[in-house]
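What follows is a single structure, written as structure tokens, with notes after it.
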Amino acid sequence: MKVGIMGGTFNPIHMAHLILAQSALEQLGLQKILFMPSKRPPHKRSDLIADDIHREKMVELAIQNNPSFELSKMELLREGTTYTSDTLQQLNQENPDITYYFIMGADSLFQLETWWEPEVILKLAHIVAAVRGQETREELKAQAEHLTAKFHATIHILNTPYLDIASHELRDKLLKGDSIRYMVPETVYEYINEHQLYTGKEQKNDGKFVSVGEEIR
């Protein structure tokens, strides 16, 4: 069985995430995609990430009509910093008959060697990357060949349309009062509006309001 993993903070989830996952599903013949929100990634400021319950709900709403997409709470339920290598080790121990495909944007492929235990990640999962941002397909192919040679990795490059949508840009828009309609699923758009997420007066679980600033990246 071949299963894709779509990781990330999903802060918020948007259309580019969904198109990337669907492309991987179809082009690699995967049986399903696990959408796995991170709890506390080491490279992002936790105070700029919406509550777990909001990010979980937005992912749930975004994928609810696709039977091949499934929400996984594995990383949300884990305490401490979230490392992809830990997640893959747990998944492989629990499901040794499944081959996992870890899906990421090209920018992440170029940063992968800076992640915690990249050799473990590249050993335990196929990597699936899509062109994003300024990286050309030739540069992406060269990076894939470099990682393959260094770590004996298996890396797939997807043919996907490039959508210039990034979560931090959506948060910037919301903070300024601009609309993000059609950049996220309608259900997510409505949820964000209902809970006033990323507007500077986000409602937390305990009913208090706190400011949400810009992420530095």
Using every non-hydrogen atom in the two residues, find where [X] and [Y] come nearest and quote the distance to one decimal.
{"X": "Ala144", "Y": "Ile155", "value": "O-CD1, 3.6 Å"}
{"X": "Pro37", "Y": "Phe35", "value": "CD-O, 3.4 Å"}
{"X": "Leu18", "Y": "Pro185", "value": "CD1-CG, 3.5 Å"}
{"X": "Gly200", "Y": "Leu175", "value": "N-CD1, 3.8 Å"}
{"X": "Glu75", "Y": "Ser38", "value": "OE1-OG, 3.3 Å"}
{"X": "Ala130", "Y": "Leu20", "value": "CB-CD1, 3.4 Å"}

Do side-chain atoms of [X] reach the backbone of [Y] as a donor and acceptor pair under 3.5 angstrom?
{"X": "Arg55", "Y": "Thr9", "value": "yes"}
{"X": "Arg78", "Y": "Lys39", "value": "no"}
{"X": "Gln31", "Y": "Lys2", "value": "yes"}
{"X": "Ser167", "Y": "Pro12", "value": "yes"}

query: His126 and ring pair (Phe, Tyr, Trp, His ring centres under 6.0 Å): which partner among Tyr100, Tyr101, Phe102?
result: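 Testing His126 for a ring pair (Phe, Tyr, Trp, His ring centres under 6.0 Å) against Tyr100, Tyr101, Phe102 leaves exactly one candidate, Tyr101.
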Within a strict 4.5 Å, meaning less than it, do heavy atoms of the [X] and [Y] side chains meet?
{"X": "Leu71", "Y": "Lys57", "result": "no"}
{"X": "Asp97", "Y": "Met1", "result": "no"}
{"X": "Tyr189", "Y": "Ser179", "result": "yes"}
{"X": "Asp172", "Y": "Tyr198", "result": "no"}
{"X": "Glu94", "Y": "Met74", "result": "yes"}
{"X": "Lys123", "Y": "His152", "result": "no"}

Just verifying a value: how many Å separate [X] [atom1] and [Y] [atom2], rounded to the nearest 0.5 Å?
{"X": "Leu88", "Y": "Ile5", "atom1": "CG", "atom2": "CD1", "value": "5.0 Å"}
{"X": "Leu124", "Y": "Leu91", "atom1": "CG", "atom2": "CG", "value": "9.5 Å"}
{"X": "Ile127", "Y": "Leu112", "atom1": "CD1", "atom2": "CG", "value": "5.5 Å"}
{"X": "Ile98", "Y": "Lys32", "atom1": "CD1", "atom2": "NZ", "value": "6.5 Å"}
{"X": "Gln64", "Y": "Glu60", "atom1": "CD", "atom2": "CD", "value": "7.5 Å"}
{"X": "Met15", "Y": "Gln22", "atom1": "CE", "atom2": "CD", "value": "11.0 Å"}

message: Can you confirm whether the side chains of Gln143 and Glu139 place a donor and an acceptor under 3.5 Å from each other?
response: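 Judged by distance alone, the side chains do not pair up.
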message: Assigning hydrophobic clusters by single linkage (Ile, Leu, Val, Met, Phe, Trp, Tyr; side-chain heavy-atom cutoff under 4.5 Å), is Val59 placed with Ile165?
response: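 Yes; Ile165 is reachable from Val59 via cluster members.
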query: Stepwise, does the side-chain contact (heavy atoms from CB on, under 4.5 Å) test hold for Ser85 with Trp115?
result: CA-CA 9 Å; Ser85 60; Trp115 291 19; over 6 Å; no
task: Test side-chain contact (heavy atoms from CB on, under 4.5 Å) on Leu174 and Leu197 and set out the steps.
output: CA-CA 8 Å; Leu174 290 164; Leu197 301 183; 5.9 Å; no
query: Quick one: salt bridge (charged side-chain N to carboxylate O under 4.0 Å, His left out) partners of Glu190, sequence neighbours excluded?
result: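 By the salt bridge (charged side-chain N to carboxylate O under 4.0 Å, His left out) rule, Glu190 matches no residue at all.
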task: List for me each residue that meets salt bridge (charged side-chain N to carboxylate O under 4.0 Å, His left out) alongside Glu113, sequence neighbours excluded, and say none if there are none.
output: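 Glu113 satisfies salt bridge (charged side-chain N to carboxylate O under 4.0 Å, His left out) with Lys150 only.
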task: Apply the test side-chain contact (heavy atoms from CB on, under 4.5 Å) to residues Glu169 and His14: give CA-CA distance (whole Å), side-chain angles for both, the deciding distance (0.1 Å), then the verdict.
output: CA-CA 11 Å; Glu169 293 174 352; His14 53 66; over 6 Å; no
message: Please verify the inter-ring angle class for His54 with His195; under 30° counts as parallel, over 60° as perpendicular, anything in between as tilted.
response: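 Geometry flag for His195 against His54: tilted rings.
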task: Applying side-chain contact (heavy atoms from CB on, under 4.5 Å), run through His17 and Phe10 and close with a yes or a no.
output: CA-CA 8 Å; His17 291 132; Phe10 299 119; 3.8 Å; yes
